[in-house]
Structures are given as C-alpha cells and as structure tokens.
2 protein chains.
Amino acid sequence: MPTALPPHTYLMIRKIESNYTLTSEEKLTLQKLPVQTVDVKPGQDIVKMGDQPTQCCLLLEGFSCVYKLTLEGKRQIMALHIPGDMPDLQSLHLQVIDINIASLSPCKLGFIQHRDLHLLFEQHPRLITPFWHETLVDASIFREWLLNVGQREGYSRIAHVICELLLRLKAVGLVEGNSFHMPISQAELADATGMTPVHVNRVLQSLRNNGLIHTNRRQIIIPDWQKLQEAGEFDSLYLHLKND
Amino acid sequence: MPTALPPHTYLMIRKIESNYTLTSEEKLTLQKLPVQTVDVKPGQDIVKMGDQPTQCCLLLEGFSCVYKLTLEGKRQIMALHIPGDMPDLQSLHLQVIDINIASLSPCKLGFIQHRDLHLLFEQHPRLITPFWHETLVDASIFREWLLNVGQREGYSRIAHVICELLLRLKAVGLVEGNSFHMPISQAELADATGMTPVHVNRVLQSLRNNGLIHTNRRQIIIPDWQKLQEAGEFDSLYLHLKND
DNA sequence: CGAAGTATTGAACATAGTCAATAACAGTGG
DNA sequence: CCACTGTTATTGACTATGTTCAATACTTCG
C-alpha cells in the first residue's frame, strides 16, 4: 500500500501549528484546500506591481523574493521566501499589488484562490488569526531588514541575513546539521543588503577568513553559530518562532 | 446646546471608512469602544521591546515613531505615526513586542484593551478585515522605506519621506494648503533615513535651494508638489489610499 | 536672561561604490 | 568527454557619497 503524499498545504499547516492548536476538523479543512501547482524557472516574475490577483501564492519548493525597483533600475530585495511561505498573502486585502515577487531558484508554487480562503475564514473564523499572524511576522522581518540595511555595516548585514535564513530553514526542516542550501547569487545578496556585488564578495571573503562561514557551491556551512550571531547582532525575537 | 465631542476613535473610523463601508451598527460599536486616554511628553517610550501588552495604542494627537537600536546604539526609525494610527496593532497577535515605540512630539494616546478588540471581532467578524488591512498597509510602508534606505541617495530619501507625510496627513485633514507641521528634528530624520544629522542638514539645504521645500520653524511648505515627487521618486501606490 | 537642545558649517576621513578586467564555474550540445 | 557560452565570482585601482569630529550659531522655553 503506497504512503499518501502529504498535501500541498503541509508546510503551511506545520507552520501554523507551531503557534496555534488546530482542531482536527480545522486541520482537515486546511489539508483539503484546493491548491493548483505550477513550476517556474529561476529568475521569473511570479507577481508584478500593479497586478490585482484573485489568488494567493504558496511556495512549496525553492526560494523566491520580494523586490522593488527605483527609477534608475536599482533593485531592493525586501524579503527571501522559503518553502511554506505565502509571499503575497497581503493580496487578500490589498487590491493592487505594490511589489514584485520573483523566483530565485527553480520553484514549485501552489496557488490558492482568494474565494477559497474567504470561505475558509467564514466557516472557521478562528483560522483568520494564524494567517493574520503570518503577515505580521512578515512585517516584523521587513522592520529588521530596515534596521539591517539602515544601520549595520556590510559585515554584520550579511551575517544577519545568513542567521535569519538558518533559523527559518531549520523551522521547516531544510537544515542538515549546520549547513543549508542557499541558491542565491552574490548579486542577489547585494540587492537584499543594499550593497554592491563587489562589496558583498569582499565581505563574504572576510567572513570565510574569520571562520564564520564556509561555502561550497551554494551550500553554506556554519562552523560557529555563536560567532556568526554576534557578527550579525542577531536576536531571533523578531522571527516570532515559538519553538526556539 | 453643546455639540458632542467626536469619540476618540473618530480618526480610526474615518480611516476605515475610506476603504470599507460600515453598517451603522458597526460604526456605533466602534464609536463606543472603550478608550483610555493618556498624555505623554516628547521623546518618551510608549512601548518597549520585550513588552507583552494587553492593550493597543491609538495615536490621537501628535507624532510618534517605531524604532530599533543596534548594539552600538545606532537607531533606525522604521515608521512615523500620525493621528489615527495604531502603532502596535500587531501586539494583538504577536505576544512579545519586538520594537520600541516613542513619542516624537507631545502626544495624546488612546489605549484599547485587547479583550475589547477580540470581543468586537467576535461580534462583528467583518470588522477584522479593516484592522488586518491596516497592518498590511504598515507592512507596505516598511517595504517602501527599505527601498528608500537601501537604494536611494540622500536627496531622494528625504524628499520621499516628506511626500509620504504630506499624503498621509492630508488623509486625516492635517494639511493646510500645501503645508503641514512636522515636529521632527533633523537628528530624528537622520535616524529615519539611515543618514547622519550632518548630512540631513546639507540635504535639506539643497532641497530648499532647489525650491522643493520651504521650512519655517517645523512647518514644511511644499511650493512644487510635482517636483518634490520627482525628486523622491514618489509613487503613492504603496500607501493604498483609496481616495487619491 | 540663561540653559539646553537644535541647526549649521568646515575639514579630514572612510566605507562602500564604480569601472573594468580576469578567472572560475555550470550547463549545452557535438 | 570536451570545447563553447553565458553567468557568476574575484581582483585591482580610482572615486564618491556620506561620516566623523569639532566648533559655532541659532531657537526655544522656563
């Protein structure tokens, strides 16, 4: 007898359950949410500024990001998404999308219709809370990044982003020991930290030289978690992870 | 016969109504929300990192801000609040506060108990949406600030912040003609834009010299809205104001 | 009026950016 | 399996924007 595949909403439910106790009926309803999956290549726009989507996107596999461009074409990446994240949950209540969302690696996406979520919330009003919660954590991460980009020097900035990724990936089981896969180019890291690729490269070298990270392909190995956290002034409070 | 004073929730309701149609019963319930008012001096912390409040704060008069500090004591201001804003609405669902909120000018605050809001939402589930909406707009503003601080040069950054304030203040009726009161020191503007006070001072001078703003005390006069918007690369989409 | 906070100025300096060239790597098809 | 191609990473030299430090003027308010 074949084992049933987990539902597409598996990671989403897992995340919700780390903060909320779901009744078995609520959980079942979430498991049965209609999800339409799509595969996309790296570097593809998933949602664009000005769109008025009727569905939300759930990242099932891969990495994506939110970004905006200045008129001169400078790009700021404002958040990185990992499996289980819902990058455009805001579109449920903000009619016009004011950001761009793009894949950073090959991604598997699950699209959930707004009307299905609205229905879900009508039938189970208690479920509104964890979804609202998710958007509040997103906002918290934006704030921390603002502190990062506005006040920390390059060395700390990069260390901070790596710390955040480690903890978030750990929460969805994507960390093996002290290492994880980070399919992000230095140019993209530069856009995420408000630096130039050249400077990112130099900072990464000094992080390596100081023994805070090892890199192999796009695998990041963290030999000394304590030291990396200190370098990035990292305090995980803002991630609001319950099971630290 | 004396005219009844508007309820403390007046500005909040006004903001909600710019996006949602309230039934008269919903409106009445909102007007009757218990609000405890407090006056605070400039530069006072209202909420601190680590707090676990049982109430939300509604700004009735004055300006406040959200900020965080780095270990070396550098401060990043992440948002400015104007009357009608609810700076810590997030505390409804995030147990531990991960930011500091401080008054920038003398402020009148209204505190609303979480339990009263939860009751409100139980009785009128439809009202969850506008409050969720408010936190989504906050997040949108954080993102825009991240773009501002990460990718724009000083001149545009300051122009952008002024543009944002003008539109938001206009929405609550605090703009007279093309000018408004901005009780924020240059040092605070520096913390909001990730610059030094010295540099802010120089940028303000060049904005004045180019005729984009006039300043008088802490009154800002905007003689050429078009030019200021261009200088700040300002596009109001991210504010999600309905009545533009 | 006097004190404290705020704004302004100048000069030296530094972090990070720009430009440009080269090296390493990953994916492709013969 | 290897040459070919485009992308990504690395390096160096020069430059800029914005910082730091420190001194001076201006406001505001009791």
Side-chain angles (χ1 to χ4, degrees), chain A residues 41-44 63 65 70 72-77 102-106 148-162 181-209 213-220 231, chain B residues 41-44 63 70 72-77 102-106 148-161 181-209 213-220 231:
Chain A
K41 283 182 279 215
Q44 297 232 299
F63 281 57
C65 68
T70 66
E72 303 104 61
K74 292 184 173 185
R75 178 166 83 150
Q76 178 68 42
I77 290 179
S103 58
L104 291 167
S105 69
N148 208 30
V149 169
Q151 302 298 339
R152 298 202 180 100
E153 58 179 24
Y155 191 80
S156 306
R157 272 186 226 182
I158 303 272
H160 194 280
V161 169
I162 295 173
H181 186 60
M182 184 164 106
I184 297 172
S185 71
Q186 293 183 2
E188 287 157 349
L189 240 191
D191 288 342
T193 51
M195 299 160 65
T196 54
V198 172
H199 197 219
V200 166
N201 183 279
R202 289 174 175 138
V203 167
L204 284 175
Q205 286 179 50
S206 77
L207 284 168
R208 280 191 290 252
N209 291 339
I213 59 170
H214 296 159
T215 54
N216 180 11
R217 314 279 167 132
R218 283 175 174 180
Q219 198 80 11
I220 302 264
Chain B
K41 283 182 279 217
Q44 297 233 300
F63 280 58
T70 66
E72 303 105 60
K74 290 185 173 184
R75 177 165 84 150
Q76 177 68 41
I77 291 180
S103 56
L104 291 167
S105 70
N148 209 30
V149 169
Q151 302 297 339
R152 297 201 181 100
E153 58 178 24
Y155 190 80
S156 306
R157 274 187 224 180
I158 302 272
H160 194 280
V161 169
H181 186 59
M182 183 165 108
I184 297 172
S185 71
Q186 293 183 3
E188 288 157 349
L189 240 192
D191 288 342
T193 51
M195 299 160 64
T196 54
V198 172
H199 196 219
V200 166
N201 184 280
R202 287 174 177 140
V203 167
L204 283 175
Q205 287 179 50
S206 79
L207 283 169
R208 281 192 288 252
N209 291 339
I213 59 170
H214 297 158
T215 55
N216 180 11
R217 315 279 168 134
R218 282 175 174 180
Q219 198 80 12
I220 301 265

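All values below come from the heavy atoms of this structure, side chains included, with hydrogens, waters and symmetry mates left out. Source: prediction; values computed, not measured.
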Of all the nucleotides listed ([options]), which has the minimum atom distance to the side chain of [X]?
X	options	answer
A:T196	C:dT18, D:dG18, D:dT11	C:dT18
A:V198	D:dT11, D:dT19, C:dG17	D:dT11
B:R208	C:dA7, C:dT8, D:dT11	C:dT8
B:H199	D:dG18, C:dT8, D:dT11	D:dG18
B:N201	D:dT28, D:dT8, C:dT8	C:dT8
B:R202	D:dA9, C:dA11, D:dT28	C:dA11

| Atom-pair distance (CD on A:Q186; P on C:dC25), nearest Å |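 That distance rounds to 13 Å.
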| query | Nearest-Å distance, CG (B:L204) to P (C:dT9)? | reply |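 It works out to 12 Å between those atoms.
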| task | May I ask you to say what A:G194 touches in the nucleic acid, namely base, sugar-phosphate or nothing, with a heavy-atom cut-off under 4.0 Å? | result |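 Touches sugar-phosphate only.
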| field | Touch class at under 4.0 angstrom, heavy-atom based, for A:R157 against every strand present | value |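 The answer is nothing, as A:R157 stays clear of every strand by at least 4.0 Å.
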| field | Beyond-backbone contact of A:T215 with A:L207, side-chain heavy atoms, under 4.5 angstrom | value |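 No, too far: nothing below the 4.5 Å cut-off.
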| field | side-chain hydrogen bond (donor to acceptor under 3.5 Å, both in side chains) partner of B:D191, the single match among B:Q76, B:R75, B:Q186 | value |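 Among the candidates, only B:R75 passes.
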